[in-house]
Amino acid sequence: MPVTVLLVDDEPLVRMGLRAVLEAQADIEVVGEAADGAAVIPLVRRLRPDVVAMDVRMPLMDGIEATRAVLRTVDSPPKIVVVTTFENDEYVYEALRAGADGFLLKRARPAEIVHAVRLVASGESLLFPASVRRLAAAYGGGSGNRAARDALERARLTEREADVLRLMTRGLSNAEIAARLVVGTETVKSHVSALLAKLGARDRTQAVITAYESGFVEPG
């Protein structure tokens, strides 16, 4: 089955470019478009896309609020990639904190766009881990986030789960973590599922942000 994508951007040329790049792939299908975040929820409910590629800045409802709305109101919500002009942007970090699974630059090369959609759809690795780390260093408030510290303390991660979280912050996939820890991939998947549940994190990105903001791992 192809990965299905909903494009959300107020610039028609951006949507046209993304559609052309993605639909050139046999395993990706663009199932719909919207010009503003306010239109996302009904489209997501009707089309059930695997991934939403969503502009972070739009006139009526931006990508941050649209991300929150989708995750709050849609059962089994899609993966969300925010699309942005600027990499080092507080809006991008706020979108990630709101629940987006990653971000993509509008100037990205076609191969990078395709890779981002596939990677986020798979959910087994972190998209652009070095950039997420830089954003956390700039906007995450260091280890002063009380909510993140409390979440980590309540989680009571095992030593092995903590090892897996550290490797997740470096962007390693399940297979790469398994090789590093000399365990099976299924074992790593179990550890990832367990630590996400303990942290109350929707996905790897949210777990990594908690790791940075709690001081568990230094983002610098």
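Hydrogens, waters and symmetry mates play no part in the numbers below; they use all other heavy atoms, side chains included.
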Worksheet item: Under the salt bridge (charged side-chain N to carboxylate O under 4.0 Å, His left out) test, which residues partner E90, sequence neighbours left out?
Response: none
Practice prompt. Treat each ILVMFWY residue as a node, draw an edge where side-chain heavy atoms are under 4.5 Å apart, and state whether V92 and M61 are in one component.
Written response: no
Worksheet item: Looking only at heavy atoms, what is the nearest atom pair of V82 and A100, with distance?
Response: CG1-CB, 4.0 Å
Worksheet item: Mind checking what makes side chain to side chain contact (heavy atoms under 4.5 Å, CB included) contact with S173, not counting sequence neighbours?
Response: S125, A175, E176
Practice prompt. Using modelled atom types only, decide if a donor and an acceptor are shared between the side chain of N174 and the backbone of T185 within a distance under 3.5 Å.
Written response: no
Worksheet item: So how far is it from N145 CG to I209 CD1, rounded to the nearest 0.5 Å?
Response: 10.5 Å
Practice prompt. Show your reasoning for whether side-chain contact (heavy atoms from CB on, under 4.5 Å) applies to T84 and Y91.
Written response: CA-CA 9 Å; T84 179; Y91 272 74; over 6 Å; no
Discussion item. Are R118 and D27 packed together at the side-chain level, in the sense that at least one heavy-atom pair is separated by less than 4.5 angstrom?
Written reply: yes
Fill in: Nearest atoms (heavy-atom pairs only) where A136 meets Y212
CB-CD1, 3.6 Å
Worksheet item: Residues in side chain to side chain contact (heavy atoms under 4.5 Å, CB included) with R180, at least two apart?
Response: L167, R170, L172
Worksheet item: What's the spacing between I80 CD1 and T205 OG1 if we round to 0.5 Å?
Response: 11.5 Å
Worksheet entry | P78 versus D101, closest heavy-atom pair with distance | O-OD2, 4.4 Å
Worksheet entry | Common cluster, V40/L60, ILVMFWY with side-chain heavy-atom separation under 4.5 Å | no
Worksheet item: Among R149, R97, R146, which residue meets the side chain to side chain donor-acceptor pair (under 3.5 Å) test with E213?
Response: R97
Worksheet item: How far apart are the closest heavy atoms of V8 and M58, and which atoms are they?
Response: CG1-SD, 3.7 Å
Worksheet item: Under the salt bridge (charged side-chain N to carboxylate O under 4.0 Å, His left out) rule, what pairs show up with a residue in residues 185-199, not counting sequence neighbours?
Response: E124-K189, E161-K198, E186-K189
Worksheet item: Between the main-chain N or O of L96 and the side-chain N or O of Q206, is there a donor-acceptor pair closer than 3.5 Å?
Response: yes
Worksheet item: Will you find, in the side chains of R134 and S131, an N or O donor that is under 3.5 Å from an N or O acceptor?
Response: yes
Item to complete: I would like to know whether V81 and V117 meet side-chain contact (heavy atoms from CB on, under 4.5 Å); could you show each step before the answer?
Response: CA-CA 8 Å; V81 179; V117 168; 5.8 Å; no
Worksheet item: Can you find a heavy atom in the side chain of T169 that is under 4.5 Å from one in the side chain of L126?
Response: no
Worksheet item: So which heavy atom on L43 is nearest to which on E33, and how close?
Response: CD1-O, 3.6 Å
Worksheet entry | Value rounded to 0.5 Å, distance of CG in L104 from NE2 in H115 | 10.5 Å
Discussion item. List the residues meeting side chain to side chain contact (heavy atoms under 4.5 Å, CB included) with A207, not counting sequence neighbours, and say none if there are none.
Written reply: L165, M168, L195, L196, L199, A201
Worksheet entry | ILVMFWY cluster, I28 and V83 together (side-chain gap under 4.5 Å) | no
Discussion item. Between S193 and S190 (side chain of the first, backbone of the second, donor and acceptor by atom type, cut-off under 3.5 Å), is there such a pair?
Written reply: no
Worksheet entry | side-chain contact (heavy atoms from CB on, under 4.5 Å) assessment of V44 paired with L6 | CA-CA 8 Å; V44 166; L6 172 65; 3.9 Å; yes
Fill in: ring-ring contact (aromatic ring centres under 6.0 Å, His included) involving F128 - partner list, sequence neighbours excluded
F103
Response to the item:
In short, P2 meets E29 closest at the heavy-atom pair CG-OE1, 3.8 Å
Practice prompt. Please identify each residue that fulfils salt bridge (charged side-chain N to carboxylate O under 4.0 Å, His left out) with D89, with sequence neighbours left out.
Written response: R57
Worksheet entry | Note, L22 side chain near L7 side chain (heavy atom, < 4.5 Å) | yes
Discussion item. With side-chain hydrogen bond (donor to acceptor under 3.5 Å, both in side chains) as the rule and sequence neighbours excluded, what pairs involving residues 37-50 come up?
Written reply: T4-D50
Item to complete: List the steps, then state whether side-chain contact (heavy atoms from CB on, under 4.5 Å) holds for H191 with I177.
Response: CA-CA 11 Å; H191 288 315; I177 293 172; over 6 Å; no
Response to the item:
residues 63-82 vs side-chain hydrogen bond (donor to acceptor under 3.5 Å, both in side chains), sequence neighbours excluded, gives E65-R68
Fill in: Inter-residue atom distance K106.NZ - T85.OG1, 0.5 Å rounding
4.5 Å
Worksheet item: R156: what forms a side chain to side chain contact (heavy atoms under 4.5 Å, CB included) with it, not counting sequence neighbours?
Response: none
Fill in: Co-members of the apolar cluster containing V182 [side chain, <4.5 Å]
none
Worksheet item: Who pairs with D10 by salt bridge (charged side-chain N to carboxylate O under 4.0 Å, His left out), at least two apart in sequence or on another chain?
Response: none
Worksheet item: Do L47 and M54 share a hydrophobic cluster (ILVMFWY, side-chain heavy atoms under 4.5 Å, transitive)?
Response: yes
